[in-house]
Amino acid sequence: MSFEELEHTADAKVRVKAGTLEELFSEAGRALMQVMYGCPGKDGRTHPVAVRGDDLESLMHAYLSELLFIAEVEGLVISGADLRIGDGFVEGVVRGEPFSMEAHNAGRGVKGISYSGLSIVHDQESYILDVIFDV
Amino acid sequence: MTMLPGIQRLGEFEWQVPVGYVPGMRVPGLFFLSEALAGTLEEGAVQQLANVATMPGIVRQSLAMPDIHWGYGFPIGGVAAFSLDEGVISPGGVGFDINCGVRLLATPLREEELGKRRELVERLFGAVPTGVGGKSTLRLSNRELDRMLVEGSSWAVREGYGIDEDIRMCEQEGCMKEADPAAVSQKARQRGMPQSGTLGSGNHFLEVQVVREVYHPEAAKAFGICQGQVCIMIHCGSRGLGHQVCTDHLRTLEAATKRYRISLPDRQLACAPLDSPEGRAYFGAMAASANYAWANRQVIMHYTRKVLEELYGVAYRDMHLIYDVAHNVAKMEEHLVGGTRMKVCVHRKGATRAFGPGAPDLPPAYSSVGQPVIIPGSMGSPSFLLHGTSGAMEKTFGSTCHGAGRVMSRTQAKKRLTGREIRDALGKEGIIVRAPSDAAIADEAPEVYKPSMEVVRVVHEVGISRLVARFEPLGVIKG
């Protein structure tokens with residue numbers, strides 16, 4: 001599992017690689033936190049998450065949009081997730097720690113998850129997600 | 001000079017993207033760029049400009065201003081008008097930060113009278129909540145939020161955050177009447193309530209500026225500014241509320257795109273006919289978010305006035321709002337198309353309305369000059385005040401550029417200079433920068449943007465707005 005930030009002029013483009021879909025979603029959430037807060041969170045608290053989508057891309061879009069909402073409204077800096085992914089749904093819990101102005105001030109506010117440039121490809125070994133966060 | 005292949009030159013600053021550049025284009029694309037800026041043009045941005053030209057009901061051309069750059073859905077700097085009968089509305093043509101915009105406040109202070117600058121910057125930083133996680137001191141109920149969403153600027157003024165004159169000095173008097181709070185989800189409200197009256201992060205800022213040069217004395221006089229005068233510029237938008245509205249409606253409009261059998265080259269362009277339940281719901285929610293943003297800037301301006309009042313003894317009423325413009329919005333407007341007046345829905349995504357003399361919706365004092373157009377520079381670089389023109393009414397549905405436009409990614413920017421180095425360098429030029437963190441400063445270094453003077457020169461030469469004055473920063477509160 002890994003993520004890296006790619007070159008993008010205006011926004012934050014991230015590439016995430018993982019061996020399974022569950023790991024891909026979990027790692028994508030960590031990448032979002034990295035951009036928003038300068039670091040992913042630590043384990044401690046949990047929060048339920050459940051989203052639906054017509055295909056893998058819209059599921060990822062819905063999942064990351066939901067994480068953005070949970071982070072902002074619940075003040076939770078997410079460290080990872082334990083998820084079950086089925087036909088048209090993702091459900092489970094996200095793990096994380098409470099937001100603190102001192103520890104989480106090295107990021108950029110993310111406004112939304114862009115559909116433009118969102119792609120998930122799967123080869124024999126891994127899943128690769130490219131996604132752009134509007135900052 | 002280098003220009004991307006397939007693009008035709010129409011004039012010194014005008015470039016056409018012909019029908020056929022991408023499949024399904026209904027109209028050509030047109031953008032404005034100088035030779036000096038040609039090297040900054042990204043292929044992805046032209047592709048997006050061409051994608052917009054495939055959307056149903058688009059009128060005349062898909063346009064982009066000289067600050068064009070690669071965004072999502074529309075390019076940043078994109079403008080497109082859609083007919084009411086065949087046209088569509090799309091959150092991809094507005095952006096996540098609905099009514100991200102700028103307002104300019106004039107003070108009666110002259111540069112030499114502005115002592116205690118560091119204290120001023122610190123006090124402003126203390127008074128205006130900023131940065132990721134910056135929380136509002138306002139405590140809104142759902143009912144109050146509804147009123148804010150319906151009334152915009154005037155809600156804030158009635159609550160004591162301003163004076164009546166402020167309302168008139170906002171584009172559309174700081175209120176889109178089409179606002180529909182019922183189309184704003186509970187989630188959007190939850191994000192918006194604790195963030196009203198906050199600046200946000202990214203490129204948002206509050207700047208103490210001085211009018212360094214006046215280019216057009218008559219217009220400057222009408223706008224109430226003169227050389228050496230201290231002004232305040234506030235740049236922010238609709239915060240999490242607008243972002244969530246965009247996210248929510250993107251989903252419903254994606255389903256609508258399929259239902260109405262609209263074929264699109266990019267999912268972020270998800271749209272629905274203007275006259276459909278989904279299209280109307282998005283428009284109502286977007287208008288409500290725009291009103292939230294106007295109220296937001298009004299509240300922040302109030303905090304600013306209070307600091308200046310306390311620190312310099314300036315009377316609240318002697319600080320007048322020059323104007324407030326929206327940069328990310330879709331609006332119903334009347335324009336002349338092929339010799340006939342026609343009502344259209346104009347999407348401006350990183351573009352500014354630039355209505356010319358005599359246009360409707362201008363304050364009487366500005367009617368003979370055209371509306372003030374406020375172009376913020378990037379952190380530490382000059383900002384500009386222009387006026388709208390009849391040229392903009394003819395060429396660009398009354399629109400012009402909105403800023404400098406990025407040329408360097410944030411990852412590149414961070415490799416070059418640290419936030420501290422940038423802060424020190426600006427300090428040597430006499431510009432005090434205050435931000436929640438040095439990382440926030442590194443992201444927005446002046447050299448990551450196109451030179452704002454060149455962008456503004458292009459719109460001035462093309463005649464879609466004309467230069468009035470240049471402002472230089474003295475102090476920056478960065479979000």
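Every chain is numbered from 1 and lettered A, B, ... according to where its sequence line falls, protein lines coming before strand lines.
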A:Asp134 versus B:Tyr72, side-chain donor and acceptor atoms under 3.5 Å: yes
Side-chain H-bond candidate by donor/acceptor type, A:Glu72 with B:Gln195, under 3.5 Å: yes
Partners meeting side-chain hydrogen bond (donor to acceptor under 3.5 Å, both in side chains) with B:Gln244 (sequence neighbours left out): B:Arg191, B:Asp248
Looking at every heavy atom in both [X] and [Y], which two are closest together, and how far apart are they?
{"X": "A:Met101", "Y": "B:Thr130", "value": "CE-O, 4.1 Å"}
{"X": "A:Phe69", "Y": "B:Gln190", "value": "CZ-OE1, 3.6 Å"}
{"X": "B:Phe96", "Y": "A:Ile113", "value": "CZ-O, 3.2 Å"}

Electrostatic pair B:Arg251-A:Asp54, nearest N-O below 4.0 angstrom: no
Between [atom1] on residue [X] and [atom2] on residue [Y], distance to nearest 0.5 Å:
{"X": "B:Thr247", "Y": "A:Tyr115", "atom1": "OG1", "atom2": "OH", "answer": "10.0 Å"}
{"X": "A:Glu57", "Y": "B:Arg267", "atom1": "CD", "atom2": "CZ", "answer": "6.0 Å"}
{"X": "B:Gln47", "Y": "A:Ser116", "atom1": "CD", "atom2": "OG", "answer": "10.5 Å"}

Any A:Val110 side-chain heavy atom under 4.5 Å of B:His243 side chain: no
B:Gln268 side-chain N/O to A:Ser114 backbone N/O, donor-acceptor pair under 3.5 Å: no
Under 3.5 Å donor-acceptor, B:Ser437 side chain and A:Ala106 backbone: no
Neighbour count above 12 (heavy atom, 6.0 Å) for [X] [atom1]:
{"X": "B:Arg259", "atom1": "CZ", "value": "yes"}
{"X": "B:Glu43", "atom1": "CD", "value": "no"}
{"X": "B:Lys258", "atom1": "NZ", "value": "yes"}

Heavy-atom proximity to chain A below 4.5 Å, by part of B:Leu250: side chain
Is it the side chain or the backbone of [X] that comes within 4.5 Å of chain B heavy atoms, both, or neither?
{"X": "A:Ser58", "value": "both"}
{"X": "A:Ala62", "value": "both"}
{"X": "A:Leu6", "value": "backbone"}

Test log, rule side chain to side chain contact (heavy atoms under 4.5 Å, CB included), inputs B:Lys187 and A:Glu66: CA-CA 10 Å; B:Lys187 275 186 157 173; A:Glu66 185 66 13; 2.3 Å; yes
Contact winner vs chain B - A:Gly109, A:Gly117, A:Ser65, A:Gly53, heavy-atom pairs under 4.5 Å: A:Gly109
